[in-house]
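Worksheet: one structure, shown below.
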Protein chains: 2
Amino acid sequence: MDMDAFLARLQNYVTLPGPTRAAMSSVRHVLRQMPRGKSIINEGEVLKRVHVIQKGWAIRKRILEDGRRQILNFLMPGDIFDLQAMIDSRSDHAIETITLCEVRSIPTQEFLALVSEHPALASALWWSTVQEEGILREHIVRVGRRNAIERISHLLIELRRRLILSESADADESVSLPLSRQLIADAVGLSPVHVSRTISSMRRMGLVSANGHLRVLDWDSLASIAGYDDQYLHLDARPLDMTGCVNVGDRETTA
Amino acid sequence: MDMDAFLARLQNYVTLPGPTRAAMSSVRHVLRQMPRGKSIINEGEVLKRVHVIQKGWAIRKRILEDGRRQILNFLMPGDIFDLQAMIDSRSDHAIETITLCEVRSIPTQEFLALVSEHPALASALWWSTVQEEGILREHIVRVGRRNAIERISHLLIELRRRLILSESADADESVSLPLSRQLIADAVGLSPVHVSRTISSMRRMGLVSANGHLRVLDWDSLASIAGYDDQYLHLDARPLDMTGCVNVGDRETTA
DNA sequence: CGCTCGGTTGAGATAATTCAAGTGCAGTGG
DNA sequence: CCACTGCACTTGAATTATCTCAACCGAGCG
């Protein structure tokens, strides 16, 4: 597979010119295979590279002093992270694989050079930041104002939607998700046993099947239970004409 | 007051050169005064301008079909919003004033031109985006994995911290916050009556006073109850050398 | 003066948690 | 091939945090 997951995802909304695509595939990088449960970035770690998930799933997470864990987001093929390496030295959260993963890392400087030479890429990254913020906000709503079954349903639907965008899944295919009860619990702010109970009842309703891997049977009912609305993913977004704009060149900084 | 709240805030981490500051104050804009409770942006609205809170407080919020409300974030003097107007036409959430506000709006195109001519500004905006994402993530942790008193304490501390950064408050001054029980409840995902009860008990503990406006008496105890840690605000951030980077120029896009 | 609105407080209901025991499957070693 | 162990999941029962409903209070305002 020479088609990069990252590229595939970006192409959803920006058509990247040939030279840009070429430059992206030839940029200096490291491709690492990592087993499940391995930490990619630790909280407080100094960031020196930008990463792209090539295969597999990972999570962003925060751990409180007493061990409580909150999953902030799921990362799947094509997702880029640690863009903030470009201005900020330390990560405020950790990143960990939850399946076998292939992760590509690009040194910050190389990445910046790439972006500066390929404007369409800058615009694409800006879009991906907007989308990610939307996802974070929706996660707040999910956890803050929805009950157990709504939270879980809403999460599952988002994940499928994003999986389809990443081109790792087809729309009709009944996607199977690599999620344990514990992961779901820490993502939506419930206890694992309550998640288990809730999923059991969803199974009884014929919404999902859960022998081994979790599999959704009825996306439509799920969406209506969850009150799901795509808008926050900004799938309709089209880049504005940014000609001649946003040239982050030299900086005049002190401190 | 010729010193712009936005400028003041940006100066926290990037020193903007004189010409940049001059350009910022002379950019074409509209300055609006709005009473409390007025909507600045509606969910789904097409975004055409970038906004800066000059005075007062506002909230980002989402309303579910059945009326449940989730406050996503608070906006205070110096906060900029709708940067996403630059690529995306529709807002996925609403913005509403919660005090008397002064809001400055700049047409997207003018703003883009400003940024493109003043690289230090681009770097500053990138920082502010990173900070905002950090705030969103911390809000997820707050709502997902903390109990009532922790949520409320943590929120209050963050707000004070940001208020100090915005230079609308002094560090020693015992800040008074324009928050109703209902607002706090919708921010941290609780019912207003439970918030009221929790605050009552905080008052009994000598942590806050709440005659009329809410006022914190003991920040240190509050911080230790909340398990508060500044890291996510990235106050230590220093812009990297982005020389020659991120030139979002022409785009090669198709639909 | 009488309203309205935010806040407080009580009592009962409910959603979710904790603790604990039990099930079933996958992997390992004999 | 079978037993043994570990681990994720399930289920029950008791507990707790939070919610809802409802009454009441007090300040601000026409």
Side-chain angles (χ1 to χ4, degrees), chain A residues 35-37 59 64 66-71 98-100 142-156 176-205 207-215 225-226, chain B residues 35-37 57 59 64 66-71 98-100 142-156 176-205 207-215 225:
Chain A
R36 176 188 136 180
I59 52 173
L64 303 187
D66 61 357
R68 283 175 285 182
R69 175 173 79 161
Q70 176 66 47
I71 292 177
I98 59 169
T99 69
L100 177 67
R142 187 148 59 208
V143 171
R145 282 295 179 225
R146 298 191 194 272
N147 64 24
I149 191 172
E150 292 168 340
R151 290 186 207 186
I152 295 172
S153 307
H154 199 280
L155 176 66
L156 296 180
S176 133
L177 305 162
L179 298 174
S180 67
R181 307 291 176 261
Q182 182 71 60
L183 283 169
I184 297 177
D186 287 337
V188 300
L190 297 169
S191 69
V193 351
H194 195 55
V195 169
S196 175
R197 274 189 242 279
T198 307
I199 289 184
S200 296
S201 99
M202 290 166 75
R203 195 168 31 198
R204 265 175 255 122
M205 292 186 231
L207 297 170
V208 302
S209 78
N211 28 11
H213 265 193
L214 191 56
R215 193 176 282 277
I225 287 171
Chain B
R36 175 187 137 178
W57 288 36
I59 52 174
L64 304 186
D66 60 357
R68 282 176 285 183
R69 175 174 78 161
Q70 176 67 47
I71 292 177
I98 59 169
T99 68
L100 177 67
R142 188 148 58 208
V143 172
R145 282 295 180 226
R146 298 191 195 271
N147 65 25
I149 192 173
E150 291 168 339
R151 291 187 207 185
I152 296 171
S153 306
H154 199 280
L155 176 66
L156 296 180
S176 132
L177 305 161
L179 298 173
S180 67
R181 307 291 177 261
Q182 182 71 60
L183 283 168
I184 297 176
D186 286 338
V188 300
L190 297 169
S191 70
V193 352
H194 195 57
V195 169
S196 175
R197 272 190 243 278
T198 308
I199 289 183
S200 295
S201 99
M202 289 167 75
R203 195 168 30 199
R204 265 175 256 121
M205 293 187 231
L207 297 170
V208 302
S209 78
N211 28 11
H213 265 191
L214 190 56
R215 194 175 281 277
I225 287 170

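For clarity, every value in this text was computed on a predicted model and none was experimentally measured. Residue numbering restarts at 1 for every chain, and letters A, B, ... go by the order of the sequence lines. The analysis underlying the following values was restricted to heavy atoms, covering all of them including side chains, and did not include hydrogens, waters or symmetry mates.
Between the side chain of A:S196 and the backbone N or O of A:P192 there is no donor-acceptor pair closer than 3.5 Å. Under a 3.5 Å cut-off, the side chain of A:S201 and the backbone N or O of A:T198 do form a donor-acceptor pair. Formation of a donor-acceptor pair under 3.5 Å by the B:R145 side chain with backbone atoms of A:L190 is found in this model.
Contact annotation: the side chain of B:R69 approaches that of B:I59 to within less than 4.5 Å [non-hydrogen atoms, C-beta and beyond]. Residues A:R146 and A:S153 form no side-chain contact, since every pair of their non-hydrogen atoms from C-beta on lies 4.5 Å or further apart. Counting heavy atoms from C-beta on, the side chains of B:I149 and B:M205 come closer than 4.5 Å.
Atom-to-atom, CZ of B:R204 to P of C:dT9 comes out at 7 Å; the value is rounded to the nearest Å. One can place CG of B:N211 at 10 Å from P of C:dT8, the figure rounded to the nearest angstrom. Rounded to an integer number of Å, the gap from CD1 of A:I184 to P of D:dA8 is 14 Å. The distance from atom CD of A:E150 to atom C1' of C:dA16 is 14 Å, rounded to the nearest whole Å. Between A:H213 atom NE2 and C:dA26 atom P the separation is 12 Å, expressed in whole Å. The interatomic distance linking A:L179 (CG) with D:dC9 (P) rounds to 10 Å, in whole Å. Between B:D186 atom CG and C:dG6 atom P there is a gap of 13 Å when expressed in whole angstrom units.
Close to C:dT8, at under 4.0 Å from its OP1 or OP2, lies a side-chain N or O of B:S196. Using a 4.0 Å cut-off, some side-chain N or O of B:S200 falls inside it from OP1 or OP2 of C:dT9.
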- Determine, for nucleotides 16-30 of chain D in 5'-to-3' order, which nucleotides have protein heavy atoms under 4.0 Å from the base (write B), from only the sugar-phosphate (write S), or from neither (write -). --SBB----------
